[in-house]
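Only one structure is covered here, and it is reproduced in the block below.
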Amino acid sequence: MSEPAGTKEPSGERSGSAGTFSQIFAKALEGNTVTVTVLAIVTAAVVGGLLAAFTNPVVLHAPAGAIIPKAWSVVAATYVALFEGSIFNPHTVAALFQQASLPTAVHDGFLGAVFNPLSETCVAATPLILAGLAVAVPYQAGMFNIGGQSQLIGGMILSAWLGFGVSMPIVIHVIVCVLGGFVGGAVLGWLAGEIKARTGAHEVIVTIMLNYIMAYLLAFLLSSPSLLQKPGSTDLITPDIASSAHLPQLFGNGIMRVNAGFLLALACAFGAWWLMNRTTTGFELRAVGANPSAARVAGMKVEHAWVLVMSIAGGLAGLGGTAIVLGTDFAVNPSNFGTYGIDAITVALLGRGRPAGVVWAGLLFGALTAASPGMQSQANTPVQIVQVLTSVIVLFVAAPPLIKTMFRLRATRARGVGTTMSKGWNA
Amino acid sequence: MQLELQGITKRFGSLVANDGISLSVTPGQVHALLGENGAGKTTLMNVLYGLLQPDEGEIHIDGKAASFHSPKDAIGAGIGMVHQHFMLVPPFTVAENVTLGIEQVRPGGLLDAGRTRREVRDLSHRYGMDVEPDAIVEDLPVGIQQRVEIVKALVRNASVLVLDEPTAVLTPGETQELFRIIRQLRAGGTSIIFISHKLKEVQEIADTITVLRRGKVVGERKPPATEADLAALMVGRDVQLRVTKAPATPGDLVLSVDSLVVPAAVSSVHGTPATASTQAPVNGLSFDVRAGEILGIAGVQGNGQTELCEALMGLLPVAAGSVSLNGKDLTNATPRARLDAGIAYVPEDRREDGLVGSFSVAENLVLNSYDRKPFARGITLNLSTIAANAMARIKEFDVRTESPAAPAGSLSGGNQQKVILARELGEGTKLLIASQPTRGLDVGSIEFVHKRIVEQRDQGVAVLIVSSELDEIYALADRIAVIYEGKITGFRPPDVDAAELGRLMAGGTDLPNTSPPEDAVSEWEAQ
């Protein structure tokens with residue numbers, strides 16, 4: 001990866017004026033990353049807490065003097081539930097130590113209960129990470145992939161069909177299904193890339209439209225008994241995935257649902273980083289993203305790069321769908337693609353378009369998702385408010401990259417201005 | 001209006017961009033500010049224009065101290081600025097652009113478009129600018145857009161007009177037109193601050209020349225000052241304005257271009273819009289370049305040079321004719337195949353086509369060889385070799401960068417060009433195509449680039465230089481070809497006089513009875 005402009009020190013008399021100025025500014029932004037993110041999370045927690053407290057009927061109907069203590073207790077309960085639902089719950093630890101011996105505790109699932117919140121976080125994070133990579137990787141190549149949803153559905157359809165419709169030996173079956181999921185997504189990514197390469201149609205429009213096409217195509221497939229609908233069922237659902245095609249759970253067949261899909265997501269994140277930064281293909285993709293016309297002059301095939309990166313992205317999103325179908329849901333219905341395709345954009349943004357960042361952002365989102373049932377039941381925070389809270393946190397955490405994106409946008413424009421004002425780029 | 005800058009100092013961190021600069025601009029004078037890139041010219045003007053606040057020093061207008069916190073203050077005080085890159089809204093008309101921000105409103109809140117149109121027409125007429133108020137700005141040539149900027153400043157009652165590198169974007173003809181306008185403005189009492197690093201222009205137009213180097217005023221001259229004197233002041237050492245070179249010893253035929261036709265692209269790499277006319281930008285053009293010689297293609301910008309280079313690199317499709325390198329046909333080869341065949345290319349627009357600005361210097365140095373040994377190991381990049389290559393190349397070409405990891409976009413224009421040369425001039429180069437290789441570079445960098453190009457020739461590389469600067473053609477070429485409307489109007493030896501080249505550049509041909517261009521167009525269309 002090239003160093004960001006912000007790391008450039010003003011180099012004596014040779015450097016120019018506003019060039020240096022903008023570098024200092026960029027440096028400040030870069031340097032503040034961690035601080036800004038932490039502050040954003042804290043701010044979001046405060047705002048979210050206020051929101052949770054002052055929408056709670058107990059607080060709203062409390063006598064004037066009791067409002068503050070009541071509000072405090074609601075806020076505390078909400079965040080305790082968030083923590084307990086996504087990381088770990090002290091009660092389960094206490095329960096664990098009340099057992100006669102560790103083996104019986106393990107046998108009775110008490111150990112599983114301790115780690116279950118983390119497991120749920122990972123489960124929820126898995127498709128988010130994969131779909132997030134599907135946005136982040138093309139972004140580095142100058143493409144904005146909004147088609148995570150269509151690609152995810154493509155992956156779900158193909159992996160599910162291979163999962164229930166084909167019988168194969170135990171290990172091979174799951175591998176074939178996973179590969180099928182990649183291909184199913186990649187086909188849709190390829191389609192968007194190919195359309196752009198051949199006709200110049202903008203990938204944002206094409207991928208958005210493919211989202212609709214795939215969602216309705218899925219609904220059609222699920223309502224056609226001769227196609228994907230479970231025989232004898234009137235529900236829009238596929239037959240169950242054969243157990244030989246299930247992604248293996250990481251900690252035995254206990255309560256913890258975290259499965260090989262999570263490891264697959266981590267491996268894909270590493271693979272994406274390696275591809276973009278250590279291979280000649282990645283060099284080409286990044287060059288095409290950063291300056292297509294210089295890439296073309298340097299002998300690179302720009303259109304080829306577009307098609308390739310969109311295919312890879314589609315495959316990654318397809319794996320996200322595969323992880324849902326083969327890891328936790330074991331069937332496809334018209335709702336299990338959820339909003340992953342769209343959330344993926346936020347995840348990629350939050351992760352600053354970098355694979356490692358996408359992993360952390362996916363985990364944060366996953367934690368919020370995993371904790372929301374607990375926040376409803378324990379803290380009595382209505383589900384809508386949990387969703388609002390999630391959005392507020394995301395909004396604040398995502399704000400620095402948003403600001404940075406806007407700054408970059410202005411920087412590109414200001415580069416024109418900067419050139420004018422001080423020839424920033426060549427000074 | 002008497003404008004005085006007194007002891008202006010502006011610092012950016014540890015960098016002193018302006019170090020106690022004093023300047024006095026008398027009414028009705030053209031005051032040139034001469035200096036290399038990064039000398040602090042533009043910073044000074046941004047201080048004057050209120051875009052930057054000085055750390056020390058004062059601006060005096062007619063003897064009174066003034067302080068500008070924004071361009072608005074500066075405009076209010078009668079200072080106008082024409083930026084190098086124009087601040088115009090392309091789809092708006094000239095009048096709309098001029099009135100933007102100071103809209104004249106009639107009672108009832110309606111725009112008084114007629115008044116602005118009249119103002120534009122009056123000013124245009126008074127200074128001989130020929131600007132049509134109802135023209136759409138994006139349809140206008142660059143030279144006219146610049147005049148729109150001048151009108152914008154004049155409408156706002158500018159009595160000091162700052163022109164930042166105004167000729168950088170102009171053809172020689174447009175430059176002369178600009179100079180005519182500047183003279184008329186001066187006659188009308190407007191002071192002009194003319195920022196440039198071009199010695200000839202400054203000598204031609206300026207009444208006073210202030211030379212800046214590294215943020216300081218290093219001298220003030222009145223024309224006629226010698227070019228050598230000004231160059232030495234600017235750079236701080238004696239500069240060879242023209243590289244010395246031995247006579248060429250042309251060898252085997254390397255590049256052969258035969259009746260090449262490049263049609264107007266629907267959208268080229270740069271998206272140059274195709275005009276309604278079917279005139280092909282390159283229209284039946286033939287020439288040869290031999291090993292060990294430099295063929296200079298002279299011509300006014302916009303006569304097919306850009307399209308010729310792009311077609312030679314396989315970036316634009318060819319409609320007819322052929323291109324061959326060492327006898328091998330390359331007419332329809334991909335850019336990659338041409339690079340592999342030994343063509344090195346220094347593109348006209350280095351920021352757009354030559355470099356990936358956000359990539360490091362090291363990455364840019366392998367931009368067209370990243371997938372070959374030794375920079376690639378199978379499908380992976382060999383990062384240590386790439387880094388070692390960068391260190392070696394940076395040293396060899398004296399690229400001033402603090403580190404190979406610095407983004408190429410942060411380098412000065414001269415150093416960016418050195419990065420491109422360092423990448424392109426490697427072993428195995430058979431043909432070097434360099435388009436406007438020193439555009440926008442300062443004197444010291446021009447010297448360096450020219451030396452390297454001659455060095456390549458002496459090593460037996462065939463060199464094709466495309467330049468709209470006659471000085472550059474004279475400095476480098478062993479043979480001169482003149483391009484006009486996509487055709488070569490004549491070949492001349494390097495000692496031909498400028499008047500003859502000028503005649504060819506304006507479309508004059510060798511043989512008066514050869515068929516006029518129109519016939520050639522229809523011939524091509526008939527095909």
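In the text below, chain A, chain B and the rest are named by the order of the sequence lines, each starting its count at 1. Side chains are part of it too, since the values below use all heavy atoms of this structure and drop only hydrogens, waters and symmetry mates.
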Looking at [X] and [Y], what are the two nearest heavy atoms and their distance?
X	Y	result
B:Val356	A:Ala294	CG2-CB, 4.2 Å
B:Phe359	A:Ala290	CE1-CB, 4.1 Å
B:Arg336	A:Gly299	CB-O, 3.7 Å
B:Asp371	A:Thr280	CA-CG2, 3.8 Å
A:Ala298	B:Asn368	O-CB, 3.3 Å

Chain A contact via [X] - which portion, at a heavy-atom distance below 4.5 Å:
X	value
B:Val366	both
B:Leu355	backbone
B:Leu367	both
B:Tyr370	both

**Prompt:** side-chain contact (heavy atoms from CB on, under 4.5 Å) between A:Arg278 and B:Leu383: does it pass, once the steps are laid out?
**Reply:** CA-CA 8 Å; A:Arg278 289 289 182 270; B:Leu383 295 179; 3.2 Å; yes
Output for pair (A:Arg296 CZ, B:Thr334 OG1), nearest 0.5 Å, gives 12.5 Å
To the nearest 0.5 Å, atom CG of B:Leu315 lies from atom OG of A:Ser293 at 9.0 Å
Exercise for review: Please answer whether the main-chain N or O of B:Arg351 pairs with a side-chain N or O of A:Asn291 as donor and acceptor at a distance below 3.5 Å.
Suggested key: yes
- Is any side-chain heavy atom of A:Trp274 less than 4.5 Å from a side-chain heavy atom of B:Thr380? yes
Side chains of A:Val297 and B:Met313: does their closest heavy-atom pair fall under 4.5 Å? no
